[in-house]
Amino acid sequence: MPERYNPAEFESKWQARWKEADLFKTVEDSDKPKFYGLDFFPYPSGAGLSVGHCRNYIPTDVLCRMKRMQGYSVLHPMGFDAFGLPAENEAITTKSHPEPMVHKYGLNYRRQMDLIGVSYDWSRSFWSSDPNYYKWTQWIFEQLFKSGLAYRRLAAVNWDPVDKTVLADEEIVGGRAERSGALVEKRFIPQWFFKITEYAQRLIDDLDTVDWPEGIKQQQRNWIGRSEGCQFQMEIAAGQDSPGEGLQIKERTPVFEVFTTRIDTVFGMTFCVLAPEHPLMDQVVKMACREHARRIEEYREAAKRLSENDRLATTREKTGVFTGLYAINPFNKQQVPIWIADYVLATYGTGAIMAVPGHDDRDFEFATKFGIDVVPVISPGAGIEPPLPFVTKDGFLINSGSYTGLAVAEAQEKLGIWLEDRGLGQRKIQYRLRDWLISRQRYWGCPIPIIHTKDGEMEPVPESQLPVLLPSVESYAPGDDGSSPLAQVAEFVNCTDADGRLGQRETDTMGGFACSSWYFLRFCDPFNDKQPWNPEIANYWMPVDCYVGGAEHAVMHLLYARFWTKFLHDQGLVKATEPFQRLMNQGQVLSYTPFRKPRADEKLDIGEDGILITKEEAAKLPKDQVFYKWVRMSKSRRNVVTPDEVVAEHGADALRVFLLFVAPFSQDVQWNTESVTGAVRFLNRVFRLVDELLPFYNREWHAYIDMYEATGVAKELRRRTHQTIKKSSEDIERFAFNTYISAMMTYVNELGDLLKKAEDTPEFKLAASEALESLILLLAPAAPHSGDELWEYIGNQGFTFELEWPTFDPALAIEDVVTIAVQVNGKLRDTLELPAGVTNEDIEAAARASSKVAQHLEGKEVRKVVIVPGKLANFVVA
RNA sequence: GCCGGGGUGGCGGAACGGUAGACGCGGUGGUCUCAAACACCACUGGGGGCAACUUCGUGUGGGUUCGAAUCCCACCCCCGGCACCA
């Protein structure tokens, strides 16, 4: 007899029954509308799930459960992103294979997800490290390769000279390796890339077709970084060190190209800059006189030594060297000095710029430091001397030959046409987005299915030979030269290609983002061994209707997955052009974490203001040495609260209700275990209320309720029921889970009040029966264990998951008394209870009749009366 | 610097341009109890008042409106992201 919410008694019982009944198995029914609800593919870590992860999974679960009850075919799968560095590093340390370890972690995740009652269809689950899965990751790689969208080239990578390994950007903190603390160097190693840049425009355009948080869309647009401008040629003239008269042109050289978004300022160009890694650099050195050549070489060496991080630090003072060479501005034939400076990036645009210090902050800083001329060519208005650097585009050209006087936009247009007419350049759209570096010289990833033939060609491994399996290796550590551990395995490397010729296998593996770029397609048809998925099935489920996860994947994962989906669409493999129709980001769960002030001999990393300590340490230290901050829960901070402990203390449903209620879904929350008691009390009240309603319960209420015109308390009861059905359905749909729970709380409070006025009439009993069932069903997605327990307790069969979601009747939800606010000059003076549908005239009359209102109208002239039907009356007095 | 998202009681947060503070936490008082816990009931934004009431209140300053937490302009602060991208 559940007089109280007593989770220990029934939560695991229901979880066992759900499993027994295979309740969450996906039912594919093409006659029904479909709903695909998906959580981000988690990487299973040894620390297990925290309540922070639950904040992701529970809301998605509530939505999916409601959709299922509303009659949708629901796909709600979960699997594991198993490849990756953390597992590999752990494998290196423990000298054990990463696979069983990740498996163990994944199973622990699953245990915890089951513990909090999430309705995943585990029959569709897979690990991305399973050959049956990564076979198809390789297959997609080959399609990209065959389409010319996967290629290999020499590229600079982050090299850790102590650990002798290539590092991901995320593994570098302040120019040093996170693990070894070594200064990171740049190394040039052949790398595999995907040509995501080819899809740049579509990746921008199609953002308009998806329902995503505006912030995430904007981050993607910024990342892709489209800019419109002009690219044009500059000729190099070799001459003396000082410009001007007496300059002798020794030889004509190949031109270099520059890209600019401000062609309108081209008459203000007083120098140009090449990146130290510019392809023309060797030629420049040759052309320069000996002294300059020496300085250029020195500068290039210094630039090479700088870590990417240091180099990109915007606070750094600008550096550069003059080459002694000059380039010719095609617009006015003037010669401008060519400098080399690392503030120009080789990887963007052409790696060279025209520098206009009068109208660009960076060029201005450089010119001022090196004493280069600054010429204003844009003015905000006639006769106005622009304050330099003047970078806004609001203005007119000055000192610009025949273009003087034109507005910026107009000049850009005309100058672009001028370039195109003479074949010197063209208007161009430039993207900041770079190609996606996919290769890793690491063991624990999906092998790249390529064979290098003796003739130096690259061939995809024949489809019949896929998957290329990860071999077993002696050591998981990368080689001294940074090569993959796979390169040590002769049996793996030496192979034959499709024609039987000897060849060498590619030993790079793919970064984990490849695996997570298509898993949502595999969930549609997870065990197909003939193709990655059956297109018909994928077209039924795709796109994902609601995709839920943390905002930290705003760019990388989401951009890559979009790119692959578009490519797969182009290949005719799926109709969808976007993978995720709606995206939601949950807020983080923060933990109140102690820090201490650093001692005199300790220094803090940039951005830190204290040293992390444990609660025990905090208790021992003097109070003025300790301070607390709200920071994200993480294993390394030792501030994690696990669902296990909360479930043990308060129950899974209480945890679910609490997390839903505590704050709006996308907002960060400050974890406070005591507050869970609010959810416990609420569930207790629900159980008690069910007991109180039970004596009135008639299982057949549905058949009879419409035979009575409800009046009085019964009518009020039905009204509240139908209002709550409406509110909770809408709130769940729009991810307003906090107000959904609060609506349920209000409903429970009001049912309690109404029960005190219980009547022994059939209409009341029927209304109470409707309320009782609605209460249980509306609450079931949030508190599914309690829902099923109560459903059984009131004498019914089956699972709430398989029952029909209540529908609301607008006629029943309507109020028959309205509260009218009466204002005088916008200030509330009285409220009136009037029958619904009251006329404006009656409202005004009733309002004037109010003594409280009359007080404020006395002796004053009413100039205007504003009536909002059914809501408000406002008297405007002089 | 740029791009997003926010500033509402002691706290978490509600609120189609129309009664600010729903719902919950915490607090105060009470009921139950030998007692405590639980539970239940009442009160709980600030000032003034015995009270009816009144007045001030949604980061700051302006504006639009009969009426602004909500719309517009300027600014301040906090959080997240990007950061020499020409």
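To find a chain, count down the sequence lines: A is the first, B the second, and so on, and within it residues start at 1.
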Enquirer: Are Asp753(A) and Lys756(A) within salt-bridge range, i.e. N to O under 4.0 Å?
Expert: yes

Enquirer: Ignoring backbone atoms, test whether His553(A) places a side-chain nitrogen or oxygen under 4.0 Å from the OP1 or OP2 oxygen of rG81(B).
Expert: no

Enquirer: Would you please confirm or rule out a distance under 4.0 Å between OP1 or OP2 of rC38(B) and any side-chain N or O of Arg685(A)?
Expert: no

Enquirer: Tell me which nucleotide, if any, is Watson-Crick or G-U wobble paired with rG4(B) when both distances must be under 3.5 Å.
Expert: rC79(B)

Enquirer: Look at Arg221(A) and rG81(B) and indicate whether a side-chain polar atom (N or O) is within less than 4.0 Å of OP1 or OP2.
Expert: no

Enquirer: Are Arg427(A) and Glu413(A) within salt-bridge range, i.e. N to O under 4.0 Å?
Expert: yes

Enquirer: Between the protein and nucleotides 2-5 of chain B, which nitrogen or oxygen pairs are less than 3.5 angstrom apart?
Expert:
none

Enquirer: Taking only the side-chain nitrogens and oxygens of Tyr343(A), find out if one of them lies under 4.0 Å from OP1 or OP2 of rA86(B).
Expert: no

Enquirer: State whether Lys864(A) places a side-chain N or O below 4.0 Å from either non-bridging phosphate oxygen (OP1 or OP2) of rC66(B).
Expert: yes

Enquirer: Compute the ring centroids of Trp436(A) and Phe513(A), then answer whether they are less than 6.0 Å apart.
Expert: no

Enquirer: Would you say Arg632(A) reaches rG80(B)'s phosphate, i.e. side-chain N/O to OP1/OP2 under 4.0 Å?
Expert: no

Enquirer: Taking any strand in view, what nucleotide pairs with rA69(B) in a Watson-Crick or G-U wobble way, both distances under 3.5 Å?
Expert: none

Enquirer: Would you say rG18(B) has OP1 or OP2 under 4.0 Å from some side-chain N or O of Lys827(A)?
Expert: no

Enquirer: Using a distance-only criterion (donor-acceptor N/O pair, under 3.5 Å, no hydrogens), is the base of rC84(B) paired with the side chain of Lys318(A)?
Expert: yes

Enquirer: Which listed nucleotide (rU19(B), rA86(B), rG13(B)) is nearest to the side chain of Ala663(A)?
Expert: rG13(B)

Enquirer: Minimum heavy-atom separation for Leu388(A) and Pro376(A), please, with both atom names.
Expert: CD2-CB, 3.9 Å

Enquirer: Taking the nucleotide of RNA chain B with the nearest heavy atom to each, does Val555(A) or Val669(A) sit closer to the 5' end?
Expert: Val669(A)

Enquirer: Kindly point out which of rG13(B), rC53(B), rA86(B) is positioned nearest to the side chain of Gln667(A)?
Expert: rG13(B)

Enquirer: Quick one: is rC38(B) close enough that its OP1 or OP2 comes under 4.0 Å of any side-chain N or O from Asn684(A)?
Expert: no

Enquirer: What does rA42(B) pair with, Watson-Crick or G-U, if both distances are under 3.5 Å?
Expert: rU28(B)

Enquirer: Is there a Watson-Crick or G-U wobble partner for rA15(B) with both distances under 3.5 Å, and which nucleotide is it?
Expert: none

Enquirer: Compute both the distance and the angle, then confirm whether Arg562(A) meets the cation-pi test with Trp212(A): under 6.0 Å from the six-membered ring centre, within 45 degrees of the axis.
Expert: yes

Enquirer: With both distances kept under 3.5 Å, what pairs with rC34(B), Watson-Crick or G-U wobble?
Expert: none

